[in-house]
Number of protein chains: 2
Amino acid sequence: MYPHEQTENTKELKARVEAFKALCRSRSLRVTEQRLEIFRTLAQSKAHPSAEAVFAAVRKKLPNISLDTVYRTLASMEEAGVVFRVGLSTKARFDADLTPHYHFVCMDCGEVYDVFPQPGAPSLLVPQDINRFGEVKNANLQFRGICNRCRAAAGKEK
Amino acid sequence: MYPHEQTENTKELKARVEAFKALCRSRSLRVTEQRLEIFRTLAQSKAHPSAEAVFAAVRKKLPNISLDTVYRTLASMEEAGVVFRVGLSTKARFDADLTPHYHFVCMDCGEVYDVFPQPGAPSLLVPQDINRFGEVKNANLQFRGICNRCRAAAGKEK
DNA sequence: AACCTTGTTAAGAATAATTCTTATGTTGAA
DNA sequence: TTCAACATAAGAATTATTCTTAACAAGGTT
């Protein structure tokens, strides 16, 4: 890596960390060393690390951090929209309907709903350069959010 | 459900089961009661059941079936392209890059690669009626397949 | 129809991923 | 500085999935 690139990256990283701090404050989430370090790690990585991998990296700076803190923090960062979770919740679900359609998955209860493309909509186009990585077997488009039932339930309990 | 619908559905189910048997034979997979019952259960369900849920349903017909058999069978059915797995493998991965892009996920090693949309490509359009189900927080398009590294490794071991 | 060969299964132990419990520590508002 | 609320570490507990092993059964062969 060239020095000027490093400078650029360092600048950008600092800016992102500041933005993260501001976001935390705006949500009345406390700015802890653990949260900052986890965010820095993730913001610097291009490897889509697992919770375990983030844990290993952060540990070098904060040897006493617990894996649970990493899980909790990643979840709250996802909630805040600062990071993106690749994949889904831990439980696999299956579908025997092979006609082209997508899924709406509730981030709260895990329920899965079928979503069919609008008639006449262009079919999903696969980016060309994907073949650089390997052989594609299938595509999976899912939308995540909170289903009506969970939203209603969350409203009531207040 | 109206009687004639049931007849239609039953007919269609039988046809699908026959096709499944044929597929098994063509792949020299043995046609066992367990496989048939698991396939029937899944083909009749619109609930995107989990392995556990399939297990519970199949158990009513085959009280001695094991959960492990359900897992094994679902995996082989996915491999055969008969069912679709909603979501991903069990390990969560995270990404701090929030610019619009997709992922290519290796079904073998779990590695995640970034895939960027082609310049000028229309952005992903969200089907209108998705709002029937709840509030969408984000969209996730992923392609699954075998990455070059795993393909090479699989080739060697033969 | 009995007979193998080999793939398949049940049972339960083992592992992997994630979450919970509880006591202690820390942030940031007053 | 004080203190309430929130966050953390540690490790136990839970959940989801996979492995191990011995018994079993499918389907080709005789």
Side-chain angles (χ1 to χ4, degrees), chain A residues 20-39 41 48-56 58-80 83 85-94 105 107-110 112, chain B residues 17 20-39 48-56 58-80 83 85-94 105 107-110 112:
Chain A
F20 175 65
K21 282 186 188 174
L23 180 75
C24 284
R25 291 196 189 103
S26 80
R27 299 231 184 178
S28 56
L29 292 173
R30 290 177 180 169
V31 178
T32 64
E33 265 317 299
Q34 290 88 340
R35 277 185 185 147
L36 288 175
E37 205 48 51
I38 289 168
F39 179 75
T41 298
H48 308 87
S50 63
E52 196 66 61
V54 171
F55 177 58
V58 171
R59 232 179 180 178
K60 290 174 187 166
K61 296 287 185 70
L62 304 174
N64 287 321
I65 197 170
S66 72
L67 180 56
D68 180 59
T69 294
V70 174
Y71 272 103
R72 254 185 303 105
T73 303
L74 288 172
S76 69
M77 283 165 65
E78 184 198 4
E79 166 88 33
V83 304
R85 181 186 295 261
V86 181
L88 239 199
S89 52
T90 98
K91 192 177 203 161
R93 306 277 297 247
F94 299 86
V105 181
M107 295 167 87
D108 189 355
C109 68
V112 178
Chain B
V17 170
F20 175 65
K21 282 186 188 174
L23 180 75
C24 285
R25 291 197 189 100
S26 81
R27 301 230 184 177
S28 57
L29 292 173
R30 290 177 182 171
V31 177
T32 65
E33 265 316 299
Q34 291 87 338
R35 276 183 185 146
L36 288 176
E37 205 49 50
I38 289 169
F39 179 75
H48 309 86
S50 64
E52 195 67 60
V54 171
F55 177 58
V58 171
R59 232 180 179 178
K60 290 175 187 166
K61 295 288 184 69
L62 304 174
N64 287 323
I65 197 169
S66 73
L67 180 56
D68 180 58
T69 295
V70 174
Y71 271 103
R72 256 185 300 105
T73 303
L74 288 172
S76 70
M77 282 165 66
E78 185 197 4
E79 166 87 33
V83 304
R85 181 187 295 260
V86 180
L88 240 197
S89 52
T90 98
K91 193 177 202 161
R93 307 276 298 248
F94 298 86
V105 181
M107 295 166 87
D108 190 353
C109 67
V112 179

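None of these values were measured; they are calculated from a predicted model. Atom set for the values below is all heavy atoms of this structure, side chains included, hydrogens, waters and symmetry mates excluded. Naming: A, B, ... by sequence-line order, numbering from 1 per chain.
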>> Is it the case that atom CZ in B:R72 sees more than 12 heavy atoms from other parts of the structure closer than 6.0 Å?
In response: yes
>> Looking at C:dT9, I'd like to know if its phosphate oxygens (OP1 or OP2) sit under 4.0 Å from a side-chain N or O belonging to B:T32.
In response: yes
>> Taking only side-chain N and O atoms of A:T69, does any of them lie within less than 4.0 angstrom of OP1 or OP2 on D:dT8?
In response: no
>> Base, sugar-phosphate or nothing for A:E52? Non-hydrogen atoms, less than 4.0 Å.
In response: nothing
>> How long is the straight-line distance from OG1 of A:T32 back to CD1 of A:I38, given to the nearest 0.5 Å?
In response: 7.5 Å
> What nucleotide among C:dA10, D:dT17, D:dA26 has an atom nearest to a side-chain atom of B:Y71?
Replying inline: D:dT17
> Expressed in angstrom and rounded to an integer, what is the separation of A:L36 atom CG from D:dA7 atom C1'?
Replying inline: 13 Å
>> Closest-nucleotide mapping onto DNA chain D: is A:V70 or B:L67 further toward the 5' terminus? I mean the 5' end.
In response: A:V70
> Considering only side-chain heavy atoms of B:V31, which listed nucleotide, C:dG12, D:dG27, C:dC20, is closest?
Replying inline: D:dG27
> Rounded to whole angstroms, how far apart are CG on A:L62 and P on C:dG25?
Replying inline: 17 Å
> Do A:R30 and D:dA5 share a donor-acceptor pair, side chain to base, under 3.5 Å?
Replying inline: yes
> Once you round it to whole Å, what is the distance between P of D:dT18 and CD of B:E79?
Replying inline: 13 Å
> Roughly how many Å is it from CG in A:D68 to P in D:dC6, rounded to a whole number?
Replying inline: 18 Å
> A:R72 has an atom CZ; how far is it from atom P of D:dA10, in whole Å?
Replying inline: 12 Å
> Hey, is the side chain of A:Q34 poking within less than 4.0 Å of OP1 or OP2 on C:dT26, counting only N and O atoms?
Replying inline: no
> How close or far is atom C1' of C:dT26 from atom CD1 of A:I65, stated in whole angstroms?
Replying inline: 14 Å
> Run the side-chain contact (heavy atoms from CB on, under 4.5 Å) check on B:E78 and B:L74 step by step: do they pass?
Replying inline: CA-CA 6 Å; B:E78 185 197 4; B:L74 288 172; over 6 Å; no
>> Of the options C:dT18, C:dA10, D:dA7, whose atoms approach the side-chain atoms of A:A51 most closely?
In response: C:dT18
>> Rounded to whole Å, please give me the gap between CD in B:E37 and C1' in C:dT9.
In response: 16 Å
>> Tell me if a side-chain donor or acceptor on B:R93 pairs with a main-chain N or O of A:V86 at a distance below 3.5 Å.
In response: no
> Does B:R35 use its side chain to pair, donor to acceptor, with the backbone of B:T73 at less than 3.5 Å?
Replying inline: no
> Just how far, in rounded Å, is P of D:dA7 from CG of A:L74?
Replying inline: 15 Å
> For A:R35, which contact category applies under a 4.0 Å heavy-atom criterion: base, sugar-phosphate, or nothing?
Replying inline: sugar-phosphate
> Which is true for A:L29 with a 4.0 Å heavy-atom rule: it touches a base, it touches only sugar-phosphate, or it touches nothing?
Replying inline: sugar-phosphate
